[in-house]
Amino acid sequence: MILVGADGSRAALDAVSWAVREARLRRTALRVVHVMPAWPLQMAEDAPYADVGRWMRDGAAATLTDALERVEEEGGGVEADTELLPGEPRSALLEAAREAELLVVGSHGLGGFRGMLLGSVALGVTGRAPCPVAIVRDLPAHSRGEVVVGVDGSPGGAAAVDLAFTEAALRGAPLRAVHAWGRPAVPLQVRAAAGSERRALAEALAGRGESHPDVKVIEQVEQGHPVAVLRDLSARADLLVVGSRGRGELGGLLLGSVSHSLIHHAACPLIVVPGPPER
């Protein structure tokens, strides 16, 4: 089941559209959820401020109705239902995501200031959810025909590669596996370093395409900062996939610097994949 959050914002409706298409590709069900404070759901009809509670409940119902209309606009083939969750949005979504294979959120919601790059809910669930999180920031008008995955040799990066192969196979698209590396301090070491980085990429991909032999893999080793390299490549991709935390990140971090930056700046939908739990 795919879980998508709806709050009435345009970004959330775009996330619903993307989630419908993803559910269709995966042949799985879709659940649209809206989170609101618990007190309007629990108050009696004759309680003080009952009219405020009714207004909030009516608004929540309208939000879910609008989301279902967007599901219908995307066409059939997807079993979809809605759920109204009480509580704080981030906590409620994280709890609901325990039953999901993918959590989808918009890049910013109604509570964000105009011009903000990312909403607090999207940032708050990414890296903390028990499943991969898709952040729908820019919804391409037309298929760009490529899935891009960042490869860094970390456990989280390996999980991202596995998911990227699956996504490319579902779309019938080539997979561009990208490994970015920094410039050596000594120019004469550039050629040797490039060869080493190419071998590292090949080793990270070894055997991972066996379950998807029809996926064409494009291996790309790029000299530059991973954020800049992947951000530029996302402008011509349908989907960008990265691990939640890369090699060299401090222990205990929930979200690495590369994934954190890309959820602000990716030019296509982004999936952030959690790595294995730390011991």
Side-chain angles (χ1 to χ4, degrees), residues 1-23 26 28-42 56-57 59-68 70-71 78-113 116-137 139 156 159-160 163 239 241-245 253-256 259-260 262-264 266 269-275 277:
M1 180 264 290
I2 292 177
L3 184 74
V4 57
D7 65 1
S9 67
R10 178 178 176 181
L13 288 175
D14 285 345
V16 170
S17 290
W18 188 88
V20 172
R21 301 168 197 176
E22 184 71 13
R26 296 189 182 207
T28 190
L30 177 68
R31 177 167 297 161
V32 183
V33 299
H34 176 68
V35 185
M36 66 178 294
W39 65 264
L41 300 173
Q42 300 167 350
M56 294 181 68
R57 293 193 299 272
T63 293
L64 290 175
T65 297
D66 290 345
L68 272 184
R70 179 63 70 95
V71 172
V78 174
E79 178 186 344
D81 63 10
T82 64
E83 185 175 6
L84 183 59
L85 301 176
E88 190 275 328
R90 286 164 291 190
S91 299
L93 286 174
L94 290 174
E95 180 63 28
R98 295 181 183 276
E99 302 177 4
E101 60 190 84
L102 179 69
L103 170 60
V104 184
V105 293
S107 59
H108 56 275
L110 289 176
F113 292 102
M116 284 186 69
L117 293 175
L118 192 73
S120 60
V121 172
L123 187 58
V125 299
T126 307
R128 294 174 172 83
C131 63
V133 176
I135 301 97
V136 181
R137 176 169 175 77
L139 199 58
L163 180 61
L239 179 66
V241 184
V242 297
S244 62
R245 215 177 62 228
L253 285 177
L254 295 174
L255 196 62
S259 51
H260 183 279
L262 287 170
I263 60 179
H264 286 273
L270 167 73
I271 296 182
V272 180
V273 184

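Worth saying up front: this structure is predicted, and the values here are computed from it rather than measured.
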**Asked** Do you know which of V104, V125, L102 makes side chain to side chain contact (heavy atoms under 4.5 Å, CB included) with V133?
**Response** V125
Does [Y] offer a backbone N or O that forms a donor-acceptor pair with the side chain of [X] under 3.5 Å?
X   : Y   : result
T28 : M1  : yes
R70 : L13 : yes
R57 : P40 : yes

If you take all heavy atoms of [X] and [Y], which pair is closest and at what distance?
X    : Y    : value
L93  : G5   : CD2-CA, 4.5 Å
A6   : A12  : CA-CB, 4.1 Å
S244 : G127 : CB-CA, 4.5 Å
E22  : I2   : CG-CD1, 3.6 Å
V241 : A160 : CG1-O, 3.5 Å
A23  : V78  : CB-CG1, 3.9 Å

Atom [atom1] of [X] and atom [atom2] of [Y]: how far apart are they, to the nearest 0.5 Å?
X    : Y    : atom1 : atom2 : value
I263 : T126 : CD1   : OG1   : 4.5 Å
M36  : D7   : CE    : CG    : 13.0 Å
L30  : L3   : CG    : CG    : 8.5 Å
R137 : L262 : CZ    : CG    : 11.5 Å
L68  : T63  : CG    : OG1   : 11.5 Å
R31  : E79  : CZ    : CD    : 9.5 Å

**Request:** Flag yes if more than 12 heavy atoms outside E101 fall under 6.0 Å of its CD atom; otherwise flag no.
**Result:** yes
**Message:** A quick test of your reading: do over 12 heavy atoms of other residues, nucleotides or ligands sit less than 6.0 Å from CD of E99?
**Reply:** no
**Asked** Can you find a heavy atom in the side chain of P274 that is under 4.5 Å from one in the side chain of P132?
**Response** yes
**Asked** How about L123 and H260: do any of their side-chain heavy atoms sit closer than 4.5 Å?
**Response**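 Yes; the side chains approach each other to less than 4.5 Å.
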